[in-house]
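Order of appearance sets the numbers: ligands from 1, and atoms from 1 within every ligand.
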Amino acid sequence: MTIWNRTYECMSRDELEQLQLERLQATLNRVYRNVSFYRKSLDAIGFVPEDLESLASLESLPFTTRADLGAAYPYEMFAVPLREVVRIHSSSGTLEKPSIVGYTANDLKHWGNLAARGLVAAGVTRDDVVQIAFSYGLFTGAFGLHYGTERIGASVVPSSVGNTRRQVTILRDYKTTTLVCTPGYALRIARCMEELGVDPKTLSLKQGLFGGEPWDETVRRAIEERLYIKAYDNYGLSEVMGPGVASECAQRNGMHLAEDHFIAEIIDPATGKTLPKKETGELVLTTITKEAFPVIRFRTGDVTSLDAGPCACSRTLVRLSRIMGRCDDIVIVKGVNVYPKGMGPILEEVTGVEPAYQLVIDQKDFQDVLAIRIEVSEAFFFDKMEKQRGLVDRLRKKVRDTLGITPDILLVERGSLSREQETAPMVIDKRRTPQQGR
Ligand code: DLL
């Protein structure tokens with residue numbers, strides 16, 4: 001069984017905790033010196049980084065939230081001068097102020113290595129041809145796994161997302177062995193293959209790494225049967241690094257978390273109290289090697305648990321269970337993090353004033369479908385049909401251009417959403433696996 005970095009992936013707990021402590025100390029020093037947000041929040045509790053004596057003291061430090069990162073827009077959270085930053089990405093979605101994340105050359109090196117761990121754990125070797133059907137852009141998914149594939153020495157096919165027929169042609173003609181995309185897009189490719197009459201058994205495809213959005217064992221089975229491959233889960237988030245934070249091994253019984261780079265805690269999202277790791281709660285992550293964009297006790301909003309028991313693969317890193325949902329307002333639609341309240345200002349750019357609206361999310365053949373119900377104002381009603389149609393087109397285009405998701409726009413009668421009385425929820429999520437928090 002191949003392991004990309006045996007020294008770190010199979011460390012004894014004692015050695016790992018010593019390493020974590022040293023790295024945490026260095027990180028706290030760095031943020032205290034260079035990031036005013038952390039200096040202020042640590043000063044407020046009278047904590048001096050030199051005082052850190054054990055990993056347990058991390059629990060006494062304040063959390064960092066998405067709102068904190070948003071308030072630091074664009075670069076206030078950077079712990080190095082921009083001159084040392086060689087790459088900038090940002091979180092996907094509708095947050096008014098998205099988190100802008102930076103990487104030094106060293107950060108990129110670590111990112112590639114951690115993504116390589118996940119690829120190797122899924123059986124990828126230098127003989128593989130890896131088709132990366134994530135969008136290349138501000139989204140971290142494509143680049144992280146791209147670097148990991150190059151690090152291994154396998155061949156990258158950066159097909160990016162979209163043009164599904166072409167993806168199928170590439171899969172067949174380039175003899176792709178490994179598909180990398182969201183689980184939803186894997187099934188879209190599967191459907192397209194079925195429509196084109198391409199038999200997956202005739203392809204070179206062996207495995208796929210899927211992540212960026214929640215999925216479950218039913219989706220895994222559907223991917224495996226329809227693409228005739230083994231499907232592996234991998235997890236990450238832009239605020240912490242991107243893909244490579246945790247990845248499944250051949251046992252496919254949880255994702256080994258790169259604890260030599262990140263310290264994980266599980267908390268009760270309601271009280272903020274730390275829970276035993278095996279309990280289900282919100283995942284909180286602290287980066288301990290990041291130079292440009294370290295985060296301390298970042299509340300991911302993801303609901304999961306950690307398994308510290310031994311794994312037959314001989315890796316000693318804890319395993320993150322499948323992400324069970326979110327405990328904040330964010331809903332993930334086609335891999336894009338949608339903050340429902342952030343949709344208002346997007347629609348307003350077309351309608352002039354923010355309309356009452358409701359997001360209805362459903363799935364067709366495992367594909368997410370987003371409909372936005374928008375209350376028409378009197379002004380829309382008096383308009384001719386043609387104008388209404390124009391409005392619908394402009395709204396659809398605006399959302400597509402901003403989020404990369406093309407929604408169905410449904411104009412509904414005035415008063416039917418009754419936001420004032422709080423009777424109409426802002427989001428109706430009809431998907432089989434609720435991706436929204438509780
Ligand atoms: O989705 C990074 C990524 C890309 C990971 C590709 C893996 C593969 P963001 O756009 O910042 O970054 O979204 C992060 O997506 O907090 C989870 O809610 C969700 N998510 C990511 N991977 C998984 C997964 C990328 N394997 C947010 N299972 C995270 C469930 C996932 N949810």
Legend entry - Per-atom contacts, ligand 1 versus G211 - under 4.0 Å to a heavy atom: 7 (C), 8 (C), 26 (N)

Inset, instruction - Would you kindly specify which portion of R322 sits under 4.0 Å from ligand 1, judged on non-hydrogen atoms: side chain, backbone, both or neither? - result: neither

Inset, instruction - Any atoms of ligand 1 less than 4.0 Å from a non-hydrogen atom of F139? List them with their elements. - result: 1 (O), 4 (C), 10 (O), 25 (C)

Inset, instruction - Please find out if less than 6.0 Å separates the ring center of F298 from that of F63. - result: no

Legend entry - Interfacing atoms of ligand 1 (cut-off 4.0 Å, heavy-atom, N234): 7 (C), 8 (C), 22 (N), 24 (C), 26 (N)

Inset, instruction - Could you check R396 against D408 for salt bridge (charged side-chain N to carboxylate O under 4.0 Å, His left out), going step by step and ending with a plain yes or no? - result: CA-CA 7 Å; R396 193 184 301 117; D408 291 332; 5.4 Å; no

Inset, instruction - Using a strict 4.0 Å cut-off to heavy atoms of F134, name the atoms of ligand 1 that fall inside it. - result: 6 (C), 8 (C)

Legend entry - Under-4.0 Å heavy-atom contact with ligand 1, by part of N337 that carries it: side chain

Inset, instruction - Could you list the atoms of ligand 1 found under 4.0 angstrom from a heavy atom of S238? - result: 9 (P), 11 (O), 12 (O)

Inset, instruction - Using a strict cut-off of 4.0 Å, indicate which atoms of ligand 1 neighbour a heavy atom of D233. - result: 24 (C), 26 (N)

Legend entry - Shortest heavy-atom approach to atom 18 (O) of ligand 1 - which of D302, L237, T300: D302

Inset, instruction - Determine whether the aromatic ring centres of H89 and F139 lie less than 6.0 Å apart. - result: no

Inset, instruction - Pick one of side chain, backbone, both or neither for how T140 approaches ligand 1, counting any non-hydrogen atom pair under 4.0 Å. - result: side chain

Inset, instruction - For D199 and T202, test the side chains for any donor-to-acceptor distance below 3.5 angstrom and give the result as yes or no. - result: no

Legend entry - Proximal atoms of ligand 1 relative to G141 (non-hydrogen, under 4.0 Å): 4 (C), 6 (C)

Inset, instruction - Using non-hydrogen atoms of the residue, decide whether S91 is closer than 4.0 angstrom to ligand 1. - result: no

Inset, instruction - Please work out whether the ring planes of Y103 and W111 are parallel, tilted or perpendicular, with thresholds of 30° and 60°. - result: parallel

Inset, instruction - Report yes if some N/O of G242 lies less than 3.5 Å from some N/O of ligand 1; otherwise report no. - result: no

Legend entry - Side-chain donor-acceptor pair present, S159, Q167, cut-off under 3.5 Å: yes

Inset, instruction - Using ring pair (Phe, Tyr, Trp, His ring centres under 6.0 Å) as the criterion, list what pairs up with Y174, not counting sequence neighbours. - result: none

Would you mind writing out the side-chain donor-acceptor pairs for residues 342-349 within the sub-3.5 Å range, not counting sequence neighbours?
from	atom 1	to	atom 2	distance (Å)
E349	OE1	K398	NZ	2.9

Inset, instruction - Output the distance between atom CD1 (I223) and atom CD1 (I229), rounded to the nearest 0.5 Å. - result: 6.5 Å

